[in-house]
Amino acid sequence: MARKILCVAEKPAIARAVATHLSGGSFQTHAIRGNQYVKNYEFDFNFGGPWGDCSVTMTSVIGHLTGLDFERQYKGWMSCPPGSLFEAPVQESVDKDKLAIAENIRNQARYSKALFIWTDCDREGEHIGSEVRNQAKAGNARIEVKRAKFSNTERAHVLRAAREPVELDEFQANAVAARIELDLRIGAAFTRLQTLQLQAVVAALKEKVISYGKYRSGSSKIMTHASTGSCQFPTLGFVVDRYLRVKNFKPETFWSIKVMHQRERKKVNFLWKRVHLFDRAAVAMMLERCLMAKQAKVTKVNSKPKSKWRPLPLTTVDLQMMGSRFLRMDSQTIMKVAEALYTKGYISYPRTETDQFDKAIDLKKLVEKQYPDDSWGQYARDLIDGKFRTPRSGRHNDKAHPPIHPVCWVSQNQLNVNEKKVYEFVVRRFLACCSEDAKGQGTEIEIQYGEEFFHANGLIVLERNYLDVYVYDKWESSQQLPNFEKGEVFEPTEANIAEGKTTAPSFLTEPELIGLMDANGIGTDATMAEHIAKIKEREYVVVHQRGTGRTKVEELIPTRLGTALVEGYDNIVAGLSNSISLSKPFLRKEMELRMLEICAGTKTRQEVVQQSLDMYREVFIHTQRRIEMLKAACRKYLVE
DNA sequence: GCAAGGTC
């Protein structure tokens, strides 16, 4: 009788996709008792090597199986001082709504020789894999455990993953376990402390709109507790920081000298090398000297090739930033759509930090797959006919996933509106990566006029190359400059003094915020968008629209509550010697670095949990001691 | 009633 192998994916859609490929399309589907989404797919497959022909059950979980919580006596908000949550005993248990799924795995494991884990190949996937393994071992202690490594659900890739399994990465699973414990303890301690304390303030202001309710309900119930998630707060901090810079901005007047010369019916504007100065009298005097000199002299005529570089291979953060900018979708929507495209097998795994392609990937083959497309098929053919270039390599590599790229072509009418946009972006970006840089000729003319130097720049785009497919980048020829000879002398047509004002920075936009979060290690590429959604949901920030139509920009503005919380916490920690702030990202970044140490094997899970708790406990005690400052800030902003 | 991370 054939050996039986149990395969478990992270989500039902992947289980189905993998089952389809391994079985060649013929499998039996069985519902499981107690869950309507998870199915067991049964079929035969030859794994090769020591495994050979096997009868396979492919099933899935739905994300994490287990959750961590405090033991019963610590669950009530009044049961203990919030600070004791740093030490209170915690326990892991299978979530209520996952019991049937866990049972299914135990049952299936009982008759299986081996377990193949098919969770997503990232840190969380490794942890989910360990949860699956624990259930399987509970059903069959002797089951052998393997892990399939894959980054997309294209057929050949899946077959190879099945035949070349690796081991589960315990380090990564442990890193996630550490994160889970820290997030629970720190989040619960701060949230309880702050909510219980601020309720007193808010109760005194019951006329105000701050209502208390559930935030996860999705209903129109308005916000709830002020919480101090170690991701939400730094995220809010960025928004408030920018807001205050805008609000406190005082415009300054500056002056500059503008020189214009007309030749060959073309007007050339020369820009001042000093750009501008804040002293009108000084500028006026300099202009006077120019005019006295009458003649300007051409000191430099430079004509040199210029190029505009093709983009780097696509990462998640870049997808979200570019998406917000060009596709007019918020980052959360983009990720949902990208996830759907990945599940259907059209693009590779959309959560990646890697901006360099591995040499082993056959890029040309991927380009060829785009031949059938009406819009960019011809471009793809031109690449293969000689224009193909190896993509640039960025500096990031998460060692888990390739940059986001299309794995096969899909006809537009198989996709909905948003899917079309994101798929098109991924394809165009990929083709652009495999193209030549755009080439042009740049001209720079420098003149000396009196004591001052001025310059004019011109550009002629000669070869558009990647720009032809990557319609999101703009690089246009400027008006052509008339001829100037080095050393020639002429009298400029006009020279004036021009006045301007420094302008305030604009409020933070979502793509900017994502960039800041990424640079500071707030959240994962998968969750940044959710954190932003959450601080909106909790009414720490609101979205304002500036402009209309094509120039429409959505800006993030903190609410009074948001501002109050950040100011309150900033005041609280202002006295701390090393001045760590909850609204600043350092703590979270520190934690992320420690998780990486677990992954590298240089620190244990226990060490990291202890160190991080010590660090946060210090901030907590300090907050408790100076809680009056937080209340004061709330009074200040929430009372008229 | 707390977190952040998976996914339906």
Side-chain angles (χ1 to χ4, degrees), chain A residues 8-16 35-39 60-70 74-80 82-86 88 90 95 97-98 100-101 119-132 172-173 175-196 198-199 211-218 221 223-235 335-336 339-340 342-343 351 517 521-535 538 582 587-588 591-592 595 612-613 616 620:
Chain A
V8 182
E10 185 165 322
K11 43 191 166 253
I14 295 293
R16 192 185 175 87
N35 188 292
Q36 54 171 315
Y37 303 109
V38 172
K39 302 277 187 280
S60 74
V61 289
I62 300 179
H64 286 284
L65 272 177
T66 63
L68 193 68
D69 208 348
F70 298 105
Y74 294 92
K75 283 192 184 175
W77 281 43
M78 301 300 194
S79 67
C80 62
S84 60
L85 296 178
F86 280 98
V90 290
D95 293 340
D97 55 341
K98 307 284 174 68
I101 301 172
T119 49
D120 291 344
C121 291
D122 53 21
R123 220 147 62 181
E124 295 295 328
E126 231 56 39
H127 185 266
I128 294 170
S130 75
E131 295 175 272
V132 169
Q172 289 195 48
V176 171
R179 175 197 62 70
I180 289 172
E181 181 175 345
L182 289 169
D183 283 341
L184 174 67
R185 292 189 184 282
I186 297 161
F190 274 99
T191 304
R192 283 190 197 178
L193 169 71
Q194 168 180 284
T195 306
L196 294 173
L198 290 182
Q199 267 177 346
S211 65
Y212 282 74
K214 281 190 170 185
Y215 80 92
R216 249 182 212 283
S217 67
K221 267 192 178 174
M223 113 124 220
T224 145
H225 314 281
S227 89
T228 264
S230 16
C231 286
Q232 292 172 45
F233 246 59
T235 308
M335 287 314 291
K336 276 213 183 91
E339 178 81 22
Y342 156 68
T343 305
R351 295 174 199 163
M517 292 172 77
I522 309 299
T524 67
D525 30 26
T527 58
M528 283 179 209
E530 287 170 28
H531 294 310
I532 299 176
K534 199 173 260 179
I535 61 170
R538 297 208 157 178
L582 284 177
L587 285 175
R588 188 74 194 180
M591 199 155 119
E592 170 64 22
M595 279 175 71
S612 298
L613 284 181
Y616 274 94
F620 183 86

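What's counted below: heavy atoms across the whole structure, side chains too, no hydrogens, waters or symmetry copies. Residue numbers start from 1 in every chain, and the chains themselves are labelled A, B, ... in the order their sequence lines are given, proteins ahead of strands.
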| request: For A:F620, check ring-ring contact (aromatic ring centres under 6.0 Å, His included) against everything at least two apart and list the hits. | output: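 ring-ring contact (aromatic ring centres under 6.0 Å, His included) list for A:F620, sorted by chain: A:F86, A:F190.
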Taking the side chain of [X] as heavy atoms from C-beta outward, which of [options] is closest to it?
{"X": "A:P12", "options": "B:dT7, B:dA3, B:dG1", "answer": "B:dT7"}
{"X": "A:T195", "options": "B:dG1, B:dA4, B:dC2", "answer": "B:dG1"}
{"X": "A:T191", "options": "B:dT7, B:dA3, B:dA4", "answer": "B:dA3"}
{"X": "A:K98", "options": "B:dT7, B:dA3, B:dG6", "answer": "B:dG6"}

Whole-Å gap separating [atom2] ([N]) and [atom1] ([X]):
{"X": "A:I128", "N": "B:dA4", "atom1": "CD1", "atom2": "P", "result": "17 Å"}
{"X": "A:E131", "N": "B:dG6", "atom1": "CD", "atom2": "C1'", "result": "9 Å"}
{"X": "A:M528", "N": "B:dG5", "atom1": "CE", "atom2": "P", "result": "10 Å"}
{"X": "A:L184", "N": "B:dG6", "atom1": "CG", "atom2": "P", "result": "17 Å"}
{"X": "A:F70", "N": "B:dC2", "atom1": "CZ", "atom2": "P", "result": "13 Å"}
{"X": "A:E126", "N": "B:dG5", "atom1": "CD", "atom2": "C1'", "result": "15 Å"}
{"X": "A:L196", "N": "B:dG1", "atom1": "CG", "atom2": "P", "result": "14 Å"}
{"X": "A:E124", "N": "B:dG5", "atom1": "CD", "atom2": "C1'", "result": "5 Å"}

| said: Both A:E10 and A:E181 contact DNA chain B. Which one's nearest nucleotide lies toward the 5' end? | reply: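 In this pair, the answer is A:E181.
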| In terms of the nearest nucleotide of DNA chain B, which residue is placed more toward the 5' end: A:A13 or A:T66? |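 Result of the comparison: A:T66.
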| If only atom types and distance count, is the side chain of A:R185 paired as donor or acceptor with the main-chain N or O of A:A88 below 3.5 Å? |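 At least one qualifying donor-acceptor pair exists.
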| field | Any donor-acceptor pair under 3.5 Å from A:D120 side chain to A:G125 backbone | value | no
Counting the atoms with a prime plus P, OP1 and OP2 as sugar-phosphate, which does [X] contact under 4.0 Å by heavy atoms, base, sugar-phosphate, or nothing?
{"X": "A:D120", "answer": "sugar-phosphate"}
{"X": "A:L68", "answer": "base"}
{"X": "A:H127", "answer": "nothing"}

| Ion pair A:K98/A:E131, N-O distance below 4.0 Å |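 Salt bridge absent between A:K98 and A:E131.
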| B:dG5 phosphate, OP1 or OP2, under 4.0 Å from A:R351 side-chain N/O |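 No, outside the criterion.
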| message | So, OP1 or OP2 of B:dA4: does either fall under 4.0 Å of a side-chain N or O from A:H64? | response |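 For A:H64, the contact criterion (side-chain N or O under 4.0 Å from OP1 or OP2 of B:dA4) is not met.
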| From SG (A:C121) to CD (A:Q172), nearest 0.5 Å |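 Interatomic distance, A:C121 SG to A:Q172 CD, rounded to 0.5 Å: 9.0 Å.
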